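Notes follow once the structure below has been shown.
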Amino acid sequence: MATTKAPDAGRRSDRSRRAIHDAALALVTEQGYRRTTIEGIAARAGVGKQTIYRWWPSKAAVLMDAFLDLAGRTAEDAGGAPEPDGAASSGGSAPGFPDTGDLAADLKTVLRATVDELNNPVLEAVTRALTAEGIVDAKLGAEFVQQLLDPQLALYVTRLRAAQEAGHVSAEIDPRIALELLIGPLMHRWLLRTLPLTHAYADEVVDYAVGGLTPRA
């Protein structure tokens, strides 16, 4: 007598989560964060509102989880950030941040990857929506910084401290301020669309910043 296979609850949950993620991202892209609601997300995803609240406490939590999932999938599709040949883990370099011994080259590699992410149409609309809403919604802004930005900024700090230990960067500089010299110009140009955000611009930012970070004779 044939037996009926029990439904795979885990697979069904994964499908529901992905549908909710996709619905949240689509609605934020189409109508912005403020007009996106839990009810709207549930309707677009084809699930009950209670399903969303079982997994997430708020709309912000849904969107943050969806964005982090999207960013992770995008990085996987791209094969991760490129790492130059011969990259070594010298002096406590951070995973995902190259340390070839050439600080300027390593920073250009990472900033070029950042340019590509910011220009990626799949990520851009949602990143802009969450960034803009985070300015007026302090709680959402704090979550965005804590969950997404801080882990990335920590990689810069670790790499710059390794450069200090190697004598490539002045011992007096504060790595947390120094990294803002690198990231700030890119975000300013991207947010305000003052001029095109390109690899060439990223390279120039590194050249300008590193020139002021290196020890002076």
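Reckoned from all heavy atoms, side chains included, excluding hydrogens, waters and symmetry mates. All values reported here derive from a predicted model rather than from experimental measurement. If you read the sequence from its start, that first residue is 1, and numbering goes on from there.
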Practice item. Grab the two heavy atoms, one from Ala209 and one from Leu181, that are nearest each other, plus how far apart they are. Key: CB-CB, 4.3 Å
Exercise for review: Give a yes or no on whether the backbone of Tyr33 and the side-chain of Lys59 come within a donor-acceptor separation of less than 3.5 Å.
Suggested key: yes
Check your understanding: Any donor and acceptor pair, going by atom type alone, linking the side chain of Trp55 with main-chain N or O of Arg17 inside 3.5 Å?
Key -> no
Point to revise | salt bridge (charged side-chain N to carboxylate O under 4.0 Å, His left out) partners for Asp207, two or more places apart | key: Lys108
Revision key, fill the gap. Residue set satisfying salt bridge (charged side-chain N to carboxylate O under 4.0 Å, His left out) with Arg112, at least two apart, ordered chain then number -> Asp203
Check your understanding: Is Leu182 linked to Tyr208 within one hydrophobic cluster, defined over Ile, Leu, Val, Met, Phe, Trp and Tyr using a side-chain heavy-atom separation of less than 4.5 Å?
Key -> no
Output side-chain donor-acceptor pairs under 3.5 Å for residues 167-176, partner residues at least two apart or in another chain, one line each.
{"from": "Ser170", "atom 1": "OG", "to": "Glu172", "atom 2": "N", "distance (Å)": "3.3"}
{"from": "Ser170", "atom 1": "OG", "to": "Glu172", "atom 2": "OE1", "distance (Å)": "2.7"}
{"from": "Asp174", "atom 1": "OD1", "to": "Arg176", "atom 2": "N", "distance (Å)": "2.9"}
{"from": "Arg176", "atom 1": "NH1", "to": "Glu180", "atom 2": "OE2", "distance (Å)": "2.7"}

Scan the side chains in residues 134-149 for donor-acceptor partners under 3.5 Å anywhere in the protein, sequence neighbours excluded, and list what turns up.
{"from": "Asp137", "atom 1": "OD1", "to": "Lys139", "atom 2": "N", "distance (Å)": "3.2"}
{"from": "Asp137", "atom 1": "OD1", "to": "Leu140", "atom 2": "N", "distance (Å)": "3.1"}

Review point. Checking side-chain contact (heavy atoms from CB on, under 4.5 Å) for the pair Leu107/Phe97: CA distance, chi angles, key distance, verdict?
Key: CA-CA 9 Å; Leu107 291 172; Phe97 206 119; 3.7 Å; yes
Review point. Among Val115, Thr114, Thr127, which one satisfies side chain to side chain contact (heavy atoms under 4.5 Å, CB included) with Trp190?
Key: Thr127
Check your understanding: Of all residues at least two apart in sequence or in a different chain, which pass the ring-ring contact (aromatic ring centres under 6.0 Å, His included) check with His21?
Key -> Trp56
**Study point:** Inter- and intrachain pairs under salt bridge (charged side-chain N to carboxylate O under 4.0 Å, His left out), touching residues 26-41, at least two apart
**Key:** Glu30-Arg44, Arg34-Glu133, Glu39-Lys49
Exercise for review: For atom NE2 of His199, decide whether the heavy atoms of other residues, nucleotides or ligands shown that lie under 6.0 angstrom number more than 12.
Suggested key: yes
